[in-house]
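All values derive from a computational prediction rather than experimental measurement.
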4 protein chains.
Amino acid sequence: MSDAGQVESLVTDPKLVEERRAQILKAATKLFSKQGFYRTTIQAVAKEAGISTGLIYQYFHDKDDVLFLTLINVLEAYEREIPKALDGISDPLEQLVRAFCAYCRIVDSLLDATVLAYRSTKSLPADRQDVIKARETATNQLLENCLAASAQAGLVRPVNTHLLVYQLVNFCHAWALKQWALRRRYDLDEYINQGVQILIEPFLSKTGASVLERLRNEGVVPGGR
Amino acid sequence: MSDAGQVESLVTDPKLVEERRAQILKAATKLFSKQGFYRTTIQAVAKEAGISTGLIYQYFHDKDDVLFLTLINVLEAYEREIPKALDGISDPLEQLVRAFCAYCRIVDSLLDATVLAYRSTKSLPADRQDVIKARETATNQLLENCLAASAQAGLVRPVNTHLLVYQLVNFCHAWALKQWALRRRYDLDEYINQGVQILIEPFLSKTGASVLERLRNEGVVPGGR
Amino acid sequence: MSDAGQVESLVTDPKLVEERRAQILKAATKLFSKQGFYRTTIQAVAKEAGISTGLIYQYFHDKDDVLFLTLINVLEAYEREIPKALDGISDPLEQLVRAFCAYCRIVDSLLDATVLAYRSTKSLPADRQDVIKARETATNQLLENCLAASAQAGLVRPVNTHLLVYQLVNFCHAWALKQWALRRRYDLDEYINQGVQILIEPFLSKTGASVLERLRNEGVVPGGR
Amino acid sequence: MSDAGQVESLVTDPKLVEERRAQILKAATKLFSKQGFYRTTIQAVAKEAGISTGLIYQYFHDKDDVLFLTLINVLEAYEREIPKALDGISDPLEQLVRAFCAYCRIVDSLLDATVLAYRSTKSLPADRQDVIKARETATNQLLENCLAASAQAGLVRPVNTHLLVYQLVNFCHAWALKQWALRRRYDLDEYINQGVQILIEPFLSKTGASVLERLRNEGVVPGGR
DNA sequence: GATGAATGAGCTTTCATTCAT
DNA sequence: AATGAATGAAAGCTCATTCAT
C-alpha cells in the first residue's frame, strides 16, 4: 500500500495534532453529513470548529484530506466497537449475533456519518478510495470469521459466508441509508430482531438454533420472550 | 404530489424536447457516473452531448434539474423493465424470482447510473428527493406484491415481507455499489444464484421449493443443474 | 450630422416596416419603462409584441437601435403635440402658457416613457446621444421662441430666457421623474397651476399679467376662478 | 425604516471595512458614472480599485449592493455639506441662499456621481429605492425649512414652498444632468447667479430683497457688484 | 418575410488555498 | 501556532445575435 493512508500535518506537537484534528473532524462530520461534502466550505468547517480557516491547513493538506479522515474516523468506530462486543465471548455464533447487534447499534449512533461514508467515498481520489475499501473489508472480515467459525462448529449450515456477511452488513447500513422508510415502521430493537430472523435464523443447525434461543432469553437479541 | 416532478423546457416542439433531453441526459449520466455530479461541469456535459452550453438551459432549468431527470431516468428503467419480466407469468413465486433476476440484470446494465442514484439523491432539494423516494418505493412495491401473494398461496412461509423485499433490493443494488469487491469473485449468474439461495430459498414451503426447482431446471434461475 | 439618426431595416416594403416597427416599439417602450433597458431581453420584447426574436433583427440593427428609436418616439410625441397646442394662437405669451400646459399633459400621458428617456439616454453610443440631445433642444426651442417673443412684445420682463425655459421644461419632466413624491400631493391641474405661478407669473409685465388673467378665466390655465 | 439601509460585510475589523469600502466605492463611482452600472463589470471595479474580484464580495453582498452604497454615498455628501454652509448663520433667507449656492457647488464637484444617482436608482430593488428617496427627501427638507422660516419672517412672499424647493433642487441637479448644454454657455458662478434671479429674487419681500442685496455685496451670491 | 432553436462570449459569484502579520 | 484578509481560477447561467428551415 502507498502512503495514501497517511495525512501530513505541519504542526509538530503530536498531542496538539491529535486534539485539533479531532476538533476539526467533529465539525466536518457534522457539516458534511448534513449538507454534503461539496456544499460545505472550509470556511464553514472552521467556523463550526471555532478556529480560523488557515489553521485547518496546518493539520490537513487539503479539503479532500479532511473528508478522507472523516470517513476513516467512521470506519474506525466500527473497527473499535465491534470487537468490544465480542470480548470474552467464545461461542462463534454468539459472537456473530453480538457483532451484528453491535453493528446495528453503532450505525444508529452514527446515522449521518454512515450515510456520509456511503455517499462521499467516490469523491476521493482512487488511492484514497482503496484505503477506505480495505478498511471496510476488514470490518466485514470480523463478521466473516465468526460466521466461518460457526459453520466449522456445526452451528450454521453450509452457506456462502462471504455473501451472507455482505447481506448482514447491508442490513445494518440500510438502517441509516433508508431511515426515511424504516424508522417510521420499526424501532431499532424490532429492526435488529427482524434482521436476525431473516439473515441468521434460517441458516442455523439445530445446535445453532438452541444457541440463538438462549441469546433471546438472555436479552442479547431483542424481542425474544 | 407537488409539481416537483415537472421539469420545464423553453422549447415548444415536444418531439425535439424529447430528443434533446435524451441526448443531454445520456451525456450527463455518463459523466455524472464517472466523475460525480459536482466534478462534472455543464460545459463538459454540453461538449459530451455535442451541443453548446446555452442549449442545455433551454431544456433544463438548472444543473440540479439535469441531475434530477438523470436519476428519474434510471428509476424509470427499473419500473419499465421489471414488469416486462412478469408478463404472462401467473405463479406469484415465479414472478418474484423472475423479478429478482430481472432486477439484478438491469442493475448490471446500468451499473454506473445505479451508483449515481445512490450517491447523488441527497444533492437534490428535499421535494425532489421525495419524488425519487416515491419512485423507489413504487419499484419495491412490485416485488412486495409478488412476495405477499406467494405467502398467501402457501409458497412462502410467514416472514416480514417488507424487510425481506428490502434485502432483495439491496442485494441487487450491491452488485453495483460493491462491484469492486463482488465482480472479481462472482459473475452475474453466480451472484444471482447465490441471492436466490440466501434470500428466497430459506423461506420457501415444500410447494414453493418445487416451484424453484422447476425454475432452476428451466434455466430461469441460473446455476441450476 | 452623421447618419446616427437613421435606422436601417432589411425589409423593403415601407408600409410593413412602419407597422412592424410600431408594434415592436410599443412592446419595447412598455418593457423598458417597467424594467429598464438592461433587464429587458430581446426575447421578452418579441414575446410582448407577439412575434419571433429573429424578426426584430429584420427591422432593427441591434438592441441599442430599439432603444434609440424608442426614445426618438417619445421626443417626437413632444414635437408633434406641442405645436398642435399653439395652432391658431397669435399672442406669444398665450402660446408660451399653452405650450407649457400641453407639455405637462403630454408628460402625464407618457409618464413611464419620459422616465425611460431620462434614465436610458446614456446607455446609447455618443453619436446617438447627440441626436437625442438635438431633438430635446429643438423642443426647448419651441418654448424659447414663445418666451423671447413675449419679452419682445413687452409681456414679459427681461429675464434669462434660456434658463427659464430649462426650468419650465424641468418642471414638466419632474411630474414624471418625481411622481412618487408629487402625485400624492397634487393632481395634474394643481401642479400646472403652481408651475404657472412659480415660473411664469413672477416675470410678467402688467400687460402680461392681464393676458394670464384672461387665460385663467378661459380655463386654459387650470385652477383660475 | 427596514434594514434595507444595511449592507453586511464578512470582514470584522471595522476600520478596514471602512477603508476598503471607500476604496471600492471610489472605483465604482468612477466607472458607473462613466459607463453606467450595467456596462461596468465587477472585474473592472476590482481592477480600478487595485484589488481582486473576490475581495469585493467580502465587503458587499452583490453588485447591486455596490450600486446602492455608491448612491448613498452621494446623498450623504449632500447631507453633510449643506448643513456646513449654514453653520452660524441665523437669518433664514441667508441660510436658504447659502444652502442653494452650496448645493450647486456640491453638484459641480460630484458631476458624474449626481448623474449616476439620477439614472441608476431605478436599477435597485424597491425597498432600496425607498431608502434613496427618503434620503433625497431629507435633503430637500433642509432647504424647505429655510424657505418656510423666511416666509414666516416676512422675507419671502407667500408661495408654495414645497414646489419651489423642488425647483431649486432641480436647478442644482440640472447643472449635472444638462452639462452638455449648460457648461458651454455659463460658468458655475453665472449659473448660480441666474438661479437666484429666477427662483429666489422674484419671491422676496422688500426686506428680503435687502438681505439678498447684502449677500451680493458680500460675495456670497456670485455676480453681484 | 417569418420562425425559434442554437450559439458562445461574457458576466456574476463562490471558495479552496495562501501568506503577511 | 494561529489568524483571517486576500487571491483568482473556475463554475453556472444569461442573452444578444445568427441562420437553417
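- Residue D/F60 is classed as having no contact, given no heavy-atom separation below 4.0 Å to the nucleic acid.
- Comparing E/dT18, E/dT12, E/dT3 against the side chain of D/T41 picks out E/dT12 as the nearest.
- Residue whose closest nucleotide on DNA chain E sits further toward the 5' end, between B/L16 and C/L10: C/L10.
- The residue C/T40 sits close only to the backbone: its heavy atoms come under 4.0 Å of sugar-phosphate atoms, none of a base.
- Looking at the side chain of A/Q43, the nearest of the listed nucleotides E/dT17, F/dT3, E/dT12 is E/dT17.
- For C/Y57, a side-chain nitrogen or oxygen approaches OP1 or OP2 of F/dT17 to under 4.0 Å.
- A donor-acceptor pair under 3.5 Å links the side-chain atoms of C/S9 to the main chain of C/Q58, judged by distance alone.
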Under the side chain to side chain donor-acceptor pair (under 3.5 Å) rule, what do C/T121 and C/Q129 come out as? Steps first, then yes or no, please.
-> CA-CA 6 Å; C/T121 303; C/Q129 285 185 43; over 6 Å; no
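- When heavy atoms are screened at a 4.0 angstrom cut-off, C/Y38 is found touching no nucleic acid atom at all.
- Nucleic acid contact class of B/I56 (heavy atoms, under 4.0 Å, all strands): none.
- Using a 4.0 Å cut-off, some side-chain N or O of D/R20 falls inside it from OP1 or OP2 of F/dA6.
- Taking side-chain N and O atoms only, A/Y59 has a distance below 4.0 Å to OP1 or OP2 of F/dA2.
- Residue C/S9 is out of contact with every strand shown, counting any heavy-atom pair closer than 4.0 Å.
- D/T53 comes within contact range of at least one nucleobase, with a heavy-atom separation under 4.0 Å.
- Heavy atoms of B/R39 sit nowhere under 4.0 angstrom from any nucleic acid atom.
- When heavy atoms are screened at a 4.0 angstrom cut-off, C/L55 is found touching base atoms of the nucleic acid.
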